[in-house]
Amino acid sequence: MMKKAAKIIFYRGDNMDYSIKIAGEAGQGLQTTGAALAKIFSRLRYHVFTHQDYMSRVRGGHNFYQIRIATDPVTAPRQAVHILIALNRESIDIHQDELHENGVILYDPDEVNDKLQGDIFLPTPFAGIAEEEGGKKIMGNSVAIGAVLGLFDIKPDAAKDVIRESLARKNEDIITNNLKAVGGGYRHAREKCARLEHFRTDAPGDEKLLLINGTQAIAFGAVTAGCRFYSAYPMTPSTGIMVYLAGKSKKQKIIVEQAEDEISAINMALGASYAGVRSMTSTSGGGYALMTEGVSLAAMTETPIVICEMQRPGPATGLPTRTEQSDLLFVVHGGHGEFPRVVLTPGTPEQAFHAVNKAFDLAEKYQIPVFVQGDQYLADCEWTSAPFDFSSLRYHDYRLRGEALGELEEYHRYTMTESGISPLAVPGESPHLVVVDSDEHDENGHIIEDGATRNRMVDKRLHRKLKLLRNEISPPELYGPENPEIILIGYGSTYGVIKEVVDLLNDTHRIAMLHFAEVYPFPPQDASGYLDILQAARHTLCVEQNATGQFAMLLHSETGFRCSGRVNRYDGRPFTSDSLREEISAHLQDT
Amino acid sequence: MMKKAAKIIFYRGDNMDYSIKIAGEAGQGLQTTGAALAKIFSRLRYHVFTHQDYMSRVRGGHNFYQIRIATDPVTAPRQAVHILIALNRESIDIHQDELHENGVILYDPDEVNDKLQGDIFLPTPFAGIAEEEGGKKIMGNSVAIGAVLGLFDIKPDAAKDVIRESLARKNEDIITNNLKAVGGGYRHAREKCARLEHFRTDAPGDEKLLLINGTQAIAFGAVTAGCRFYSAYPMTPSTGIMVYLAGKSKKQKIIVEQAEDEISAINMALGASYAGVRSMTSTSGGGYALMTEGVSLAAMTETPIVICEMQRPGPATGLPTRTEQSDLLFVVHGGHGEFPRVVLTPGTPEQAFHAVNKAFDLAEKYQIPVFVQGDQYLADCEWTSAPFDFSSLRYHDYRLRGEALGELEEYHRYTMTESGISPLAVPGESPHLVVVDSDEHDENGHIIEDGATRNRMVDKRLHRKLKLLRNEISPPELYGPENPEIILIGYGSTYGVIKEVVDLLNDTHRIAMLHFAEVYPFPPQDASGYLDILQAARHTLCVEQNATGQFAMLLHSETGFRCSGRVNRYDGRPFTSDSLREEISAHLQDT
Amino acid sequence: MTDKKEYQDQTPAWCPGCGNFGLLNTLQQTMADLAIKPHQYTIVSGIGQAAKLPHYIRCNAFNGLHGRALPVATGIAMTNPEMLVMVNTGDGDCYGEGGNHFLHAIRRNVNVKLFVHNNQIYGLTKGQASPTTGQGMKTKTQPFGSLSAQFNPLALAISLDCSFVARGFVGDMEFLQYLMTEAIHHSGFALIDILQPCVSFNKINTFAWYRERVYHLDESHDPQDRMAAFAKSLQWGDSIPTGIFYRNSRPLLTDQIPPLHEMPLVKQSFDQQETLDLMNEFF
Amino acid sequence: MTDKKEYQDQTPAWCPGCGNFGLLNTLQQTMADLAIKPHQYTIVSGIGQAAKLPHYIRCNAFNGLHGRALPVATGIAMTNPEMLVMVNTGDGDCYGEGGNHFLHAIRRNVNVKLFVHNNQIYGLTKGQASPTTGQGMKTKTQPFGSLSAQFNPLALAISLDCSFVARGFVGDMEFLQYLMTEAIHHSGFALIDILQPCVSFNKINTFAWYRERVYHLDESHDPQDRMAAFAKSLQWGDSIPTGIFYRNSRPLLTDQIPPLHEMPLVKQSFDQQETLDLMNEFF
Ligand SMILES: Cc1ncc(C[n+]2csc(CCOP(=O)(O)OP(=O)(O)O)c2C)c(N)n1
Ligand SMILES: Cc1ncc(C[n+]2csc(CCOP(=O)(O)OP(=O)(O)O)c2C)c(N)n1
Ligand code: SF4
Ligand code: SF4
Ligand SMILES: [Mg+2]
Ligand SMILES: [Mg+2]
């Protein structure tokens, strides 16, 4: 059965929908400020969507943090900005064009040595106000937060808890002074801004909202799926997963080991999995490249493992802090020899949370490598969402342990079975021995070289499992009318932006999104009618964050269906709903 | 224009066509004996085809070396054996079934403690005869050679040069005694064999013939293509390439460096290429897995490199000394990010020789990684062939060096050009600097992060080059009638066996082979009519040495064409012409 | 003490006369004498002749990739510190392809026993130089002789403050058994570099060659003395010391990891419900 | 002697106050004083903050993959022994991801100068422990502190008989320039481990911390004495020696390779016709 999105949300028209951009150098604290603002609004039960743009450096350069706040769910960035907090002169130059006609630019006149004229400017001496309020220069960030609250006339109290939490380890004085700085910023904006009438808040929703990004959702998902061992080597944009898990190591009893390289990372994780616990590793494209031999080892030894591959623009080091979907076919085909694998490509943090849960389940059930593939955009974007639904979470321990194992008369690691799945025993818990081998082997796990055993093992490991695996894959999600004339096809992190574009265009077009959150094995065509729907549509545009259209290729090679057109972006920046809408419109006009 | 095979050779019917199998343990010298026999026959201007089957061990186990000798060209192994030289009892048990009805088994009665009855046995005390002739036990191998010559009544003198060369570094006594042993074996066979009438030689051809295997052809090809630096890590079945090149290091001025691992191997080769010489590395699937990050580096830095990937059955260590074609899609899609590459899949040693030449040319012309993909079967099989045609060899030094470089006013490594190809300068030969970077970069090779430069560089590096590259790819070879009803589709090392099967079936069927020796970028469909021919055929069977039909997938994903059927073998053993014929016939009957 | 026969498995595919046989026998005898049951230990190996060993002794086994035995062993040892984890693998595997893991496994000090079958050659791939091949030795891929300096695993291990560093010789089985026993009893990462003649491809470092040169470090050698150990480790040539060069009592990695303080990870139960609260941090 | 300005290129993207600036300046000054022209040397680097250096100094540059600078440098040095080849890269890059190449580059003894910017941290990826991070230092990914033993590159290099082994400190630029000059003049693989404070992520090993501890090895230290060098290399903590610990005169790899005896490979002409004769071996 085709899964349908619960309700079609209509694009927000006149509803509250603002974008705030904080821009400046790395090291100016824009990340802290942005995160705090996002949290304040989500606590107020507004929908929030944030994304970040940062350079591969620790200080200086030019970065930004963009926050969208609205009463309806928001799932992508927009082009226009209503509030620009410019932490330096350069940020004004770069982003002034993006300002909404009613927008306002906050800047520190003591920092930007220039008199900037007009209503659109709200000179705000961040550090100065902080000092006036009795604090230190560094508390200018709190002034900026206060000023934003001021624009919307949200009382500074709303910031209290968030500020307190973000400074948890600081002394009370610092917290008090920061809160005073928020108040100062608030008053400054209320007093000095000439455009206050353009900023209004609608009543927020009733529901408590989560605010979570992709790496957090993946890591949280791993904890709830029973991950007990995580080894990895730091690599943007996957590092957030390790940071989250390391923070939970003690309480949740998860070993987090930083390996000397990615080869070690995957092999350690395989060792832990062999020993009897669920294990995972994560990396980005370059690290995955180094892991492919280990992926093949997982397959041959039938050792369960979950691998999160968070993409960034390649080849090689590429644009290390930006986004791209360019490792799809590499993940689908990586590793020498032939073996089954699963590749999940969630589109939102919530989907990522569930994907990781499914990944651990499938990896252990079928004793195969399972991938969760994301990208920098998914990793870093924060989404608000209703509390995650735990009812569909799986947890079943498929391993043969302790007594159950001990009671067996015989045990052979690779017993031939109809399903291809052999019992997976934990070594050491009984006199039975667990022997695994990267060479072709017999049922006992010992090296063989004869052709007949080889054939049987390939059938067991590959053909039989593959047959069952196909049925585990969910069909793509159709969002929009059931008989669309235009279909925007996507997978992975473009989910949110495509969805919004469908909303933007659905009053004038019969348009829908077809989103694949599980891409390998490719979703079977029989059960769900997605191929019929594609074939019946006039325009089928595959939207991808890459240069060659890898998903369009995969779709074609797996189903024979060729999209009528492709929309590709490969400059490392995400689509905004506005830019994608334009591209789609242009496409439709061309044809 | 579609390339056509020069002439259709007809299957040999009554012409001389014998298979000799030498079987025994590793360490019994069967490789030396086999190689000598093959050489003796090729020197006599018979056509020879040999293949080997060996275990992943140095002594013991069970191995064989099979030699086919004929007056017509032979390009694949056959099932039936006319002469079995059994070096131990086990070899008789394993291979007796394969004996041709008129065949004969040579064994050493002193070794096999059993009286074996009947005409099919020719007890030959190899060591005993050697000793009788005044030599040592170890010269039993020469007795075996002599016995084979005896069966065919080829005078022992025919062995003289070959024996002398193979013992080049030994003293004259040893050589003399070995030659005596050959004589002893000869006389023994003439005197004792009851089936002499079944062994006859037809007159050989006039043409001098080469005898060469796949790794030799690749390595020889590399030398003639100007390869100057080779770094690799030993891995079966690619090691032969390193051995050949190491042997030529001094005279041909080629640096051969054994790296500490495959990662180092490819990065060293890239360093050498950057420095200004043609360089290459080789490996098998597991090593290639480790190299994929380096492949991506080659692409980003636009550093020319040739990579020979010699496949063996996977996943992981698999069957390390056997054959498979299971890394095709991994080589086509390996490496993170998107970039152009070329994958050549020669079918014979001669094709391999030329493929390597083309690989070096394309790698340097387009500044990309170029793959020559083979497998254990291609690596180890020896073929006779007419002297290689050198007239089509390319050699052009595309690098900007010395004065030509010095005269330039400016030099930027990644100058934007219409072709996408920027001038490739050799550092150090002029004041111009050569700066390359694995990050995205500007024309000077310096790191950038802006989207506009990124877009331009992707267009230059990927899109523009890809357009030109497609035109460099040769169409597949059609062997057989122009309007076949049945087409056997193949790529890589199955060339010879498919060709023979076409010969075997072409009196009863309108059957042809379509062989792809260059698979990526996929040969354009427009210029040659191969797709029309495929579409017009009733049966299109894709023959592959793997379990999943990767080439059939690639063909489908690139052209939309689906083969009507597939023939796959994945037990690590090559197809024989007889076994493949049977499978094809079965297929045709089924449908 | 158990019968050594209990530890026998597949028939070895090694060449007759290979030094690996003595090593295998010694290991079987060690396990029998220590009465460590086959299921109580796991042997991890890479790829090569040495790395086939786990198929020839009854044990839990993970025969992994070339060069990658140590990370796998580390993963097992961290997850289940009650399991005796050993690595049996070759010089090429451990010091060549796997060199980086060798360094960092020593730094981690996991409780893994590393037995390197050092035949100073790549055996399985038929005779290329390994890191420990003597300088100048010619092979088919080193036509001018092996030009890189011979790798000294003991000196390196001592430089990294490896917790237990020893050398053995397969021709001296009793002593080797003593070393293995000590390594197993030692708490910490233990390296025994074991001289193991390859009769097929190493025609220089033969049984006779080693036998003429090896001697036991005498009582006067203090394995706690790092400088003395380093000095001894540099000795090679006419006389080659065997024995325990160095040992210290660095804390185990696993003793410093709080999640392991109560019991091995593999024994800890998991309750999904208890993890769901973590969601609250995101409100 | 040339003007240092000739060696300036892009503006560094490092944090204000970073130790890398001093290192860059010193290197530029060294090249200027030695009058080695930008096109006469090549700097190879991996990925990290340190590894950005080749963009900031005028030179031939190969900014490769994380951890893989040394093999690239080796390929260049073997192909063109007339080129001065240097590697500037980070501690994580060289001793972590690239550890295996570090070992084997030392063994090869190619004429490469390796300058490791040792800030005892992963800078670019924002503060995870590197192999040289002090034991116990907590980071976001080492919540219980870095548990592995601190990696000692000097001791390891000496154990491998590295041809030139030194330590410098960016806060002591004149001495660092002396070390760089010596390394460049030395024939053989030369390591300088350079203490380079990371002001953003390493709050322990700061400029002040190093300044209080570093001292110059005095004249009495004989760099030919391997045991003394090893002893000195183990010193770390309250006082940290800098200077040339060890040097020897092992032959260069490239001097032992016959194809290089006449001239650099890159200068040798190629005549395809001359190679075709090789076919005769197959008749
Ligand atoms: C990634 C990879 N590279 C190369 C190989 C081929 N290979 C298998 S064993 C081996 C060398 C074995 O040498 P050593 O570890 O010394 O073991 P020995 O056979 O001498 O006991 C090599 C190079 C491989 N299996 N995998
Ligand atoms: C294969 C791979 N793994 C991981 C990374 C991510 N990465 C980039 S730099 C770096 C660490 C840098 O540390 P170091 O070498 O000490 O340099 P520093 O920034 O401290 O100068 C890492 C882990 C990468 N680029 N490639
Ligand atoms: S090749 Fe050498 S190491 Fe391998 S089994 Fe034979 S003798 Fe032993
Ligand atoms: S993060 Fe550290 S090493 Fe990197 S530039 Fe900043 S101070 Fe320097
Ligand atoms: Mg060995
Ligand atoms: Mg660092």
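Each chain gets a letter, A, B and so on, in the order its sequence line appears, and its residues count up from 1.
Considering only heavy-atom pairs separated by less than 4.5 Å from chain B, the leading option among T42(D), L265(D), L103(D) is L265(D). When V44(D), L70(D), D9(D), I76(D) are compared by the number of non-hydrogen pairs under 4.5 Å with chain B, I76(D) comes out ahead. The greatest number of non-hydrogen atom pairs below 4.5 Å with chain B, out of P264(D), P38(D), A61(D), is found for A61(D). Options T301(B), L270(B), D261(B) differ in how many heavy-atom pairs under 4.5 Å they form with chain D, and the most are formed by D261(B). Ranked by heavy-atom pairs shorter than 4.5 Å toward chain D, the options T224(B), V277(B), V426(B) are led by T224(B). Ranked by non-hydrogen atom pairs under 4.5 Å with chain D, the options S430(B), S42(B), A269(B) are led by S430(B). When each of S249(B), G276(B), P431(B) is scored by its heavy-atom pairs under 4.5 Å with chain D, the top score falls to P431(B). In terms of heavy-atom pairs under 4.5 angstrom with chain B, the leader among E82(D), K37(D), K52(D), H101(D) is H101(D). Annotation: maximal heavy-atom pairing with chain D below 4.5 Å, among Q252(B), E257(B), R278(B), occurs at E257(B). The residue among D271(D), I257(D), N100(D) with the most heavy atom pairs within less than 4.5 Å of chain B is N100(D).
M78(D) touches chain B through backbone and side chain together, each having a heavy atom under 4.5 Å away. Neither the backbone nor the side chain of A265(B) comes within contact range of chain D; no heavy atom of the residue lies under 4.5 Å from a heavy atom of that chain. Residue Q40(D): no heavy atom, backbone or side chain, is found under 4.5 Å from chain B. The part of S269(D) that comes within reach of chain B is its backbone (N, CA, C, O), which places non-hydrogen atoms under 4.5 angstrom from that chain. For L260(D), the part lying under 4.5 angstrom from a heavy atom of chain B is the side chain only. Both the backbone and the side chain of L278(D) come within contact range of chain B, judged by heavy atoms closer than 4.5 Å. For I254(B), the part lying under 4.5 angstrom from a heavy atom of chain D is the backbone only. Proximity to chain B (any heavy atom under 4.5 Å) is shown, for L84(D), by neither the backbone nor the side chain. Residue contact with chain D, scored on non-hydrogen atoms closer than 4.5 Å, involves the side chain of R43(B) exclusively. Using a 4.5 Å cut-off between heavy atoms, D161(B) makes no contact with chain D at all. Neither the backbone nor the side chain of S231(B) comes within contact range of chain D; no heavy atoms are under 4.5 Å apart. Both the backbone and the side chain of V223(B) come within less than 4.5 Å of a heavy atom of chain D. Heavy atoms of N280(D) lying under 4.5 Å from chain B are absent altogether. Only the side chain of K248(B) comes within less than 4.5 Å of a heavy atom of chain D; its backbone N, CA, C and O stay farther away. Interface residue F388(B): backbone and side-chain heavy atoms are both found under 4.5 Å from chain D. In this structure, the portions of P71(D) lying under 4.5 Å from any heavy atom of chain B include both its backbone and its side chain. Looking at R45(B), there are no atoms closer than 4.5 Å to chain D (heavy atoms on both sides), in backbone or side chain. Heavy-atom distances place no part of H441(B) under 4.5 Å from chain D, backbone and side chain included.
Between E429(B) and K267(D) there is no salt bridge, since no side-chain nitrogen of the basic residue lies less than 4.0 Å from a carboxylate oxygen of the acidic one. A salt bridge is absent between E274(D) and K253(B); no separation between the charged side-chain nitrogens and carboxylate oxygens falls under 4.0 Å. Between R108(D) and E260(B) a salt bridge is recorded (basic side-chain N to carboxylate O distance below 4.0 Å).
The CG atom of L65(D) sits 4.0 Å away from the CG atom of L297(B) when rounded to the nearest 0.5 Å. Note that CG of L405(B) is 10.0 Å distant from NE2 of H39(D), once rounded to the nearest 0.5 Å. A distance of 12.0 Å separates CZ in R68(D) from CE in M268(B), rounded to the nearest 0.5 Å. Within the model, atoms NE2 of H446(B) and NE2 of H55(D) stand 7.0 Å from one another, a figure rounded to the nearest 0.5 Å. The structure places OG1 of T79(D) at 5.0 Å from CZ of F229(B), a figure rounded to the nearest 0.5 Å. Here the OG-CD1 distance, from S438(B) to I47(D), works out to 3.5 Å after rounding to the nearest 0.5 Å.
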Between V434(B) and F62(D), does a side-chain contact (heavy atoms from CB on, under 4.5 Å) hold up when you go through it step by step?
CA-CA 8 Å; V434(B) 184; F62(D) 193 117; over 6 Å; no
Hey, mind stepping through N63(D) and V436(B) against side-chain contact (heavy atoms from CB on, under 4.5 Å) and telling me if it holds?
CA-CA 6 Å; N63(D) 181 356; V436(B) 307; over 6 Å; no
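Listed for the N267(B) side chain is no donor-acceptor partner under 3.5 Å among the backbone atoms of V72(D).
Under a cut-off of 6.0 angstrom, the local environment of NZ in K251(B) is sparse, with at most 12 non-hydrogen atoms contributed by other residues, nucleotides or ligands.
Scanning all heavy atoms of the two residues, the minimum distance from V435(B) to C59(D) falls at CG2-O, 3.6 Å. For the residue pair F283(D) and L209(B), the shortest heavy atom distance occurs at CD2-O, 3.4 Å. Taking all atoms of both residues into account, the shortest heavy-atom contact from Y274(B) to N60(D) is OH-CB, 3.3 Å.
Y244(B) and F282(D) have parallel rings, their planes meeting at less than 30° on a 0 to 90° scale where 60° marks the start of perpendicular.
Side chains of M279(D) and F390(B) form a contact here, defined as non-hydrogen atoms less than 4.5 Å apart. Side-chain contact check for L393(B) versus L276(D): some heavy-atom pair is nearer than 4.5 Å.
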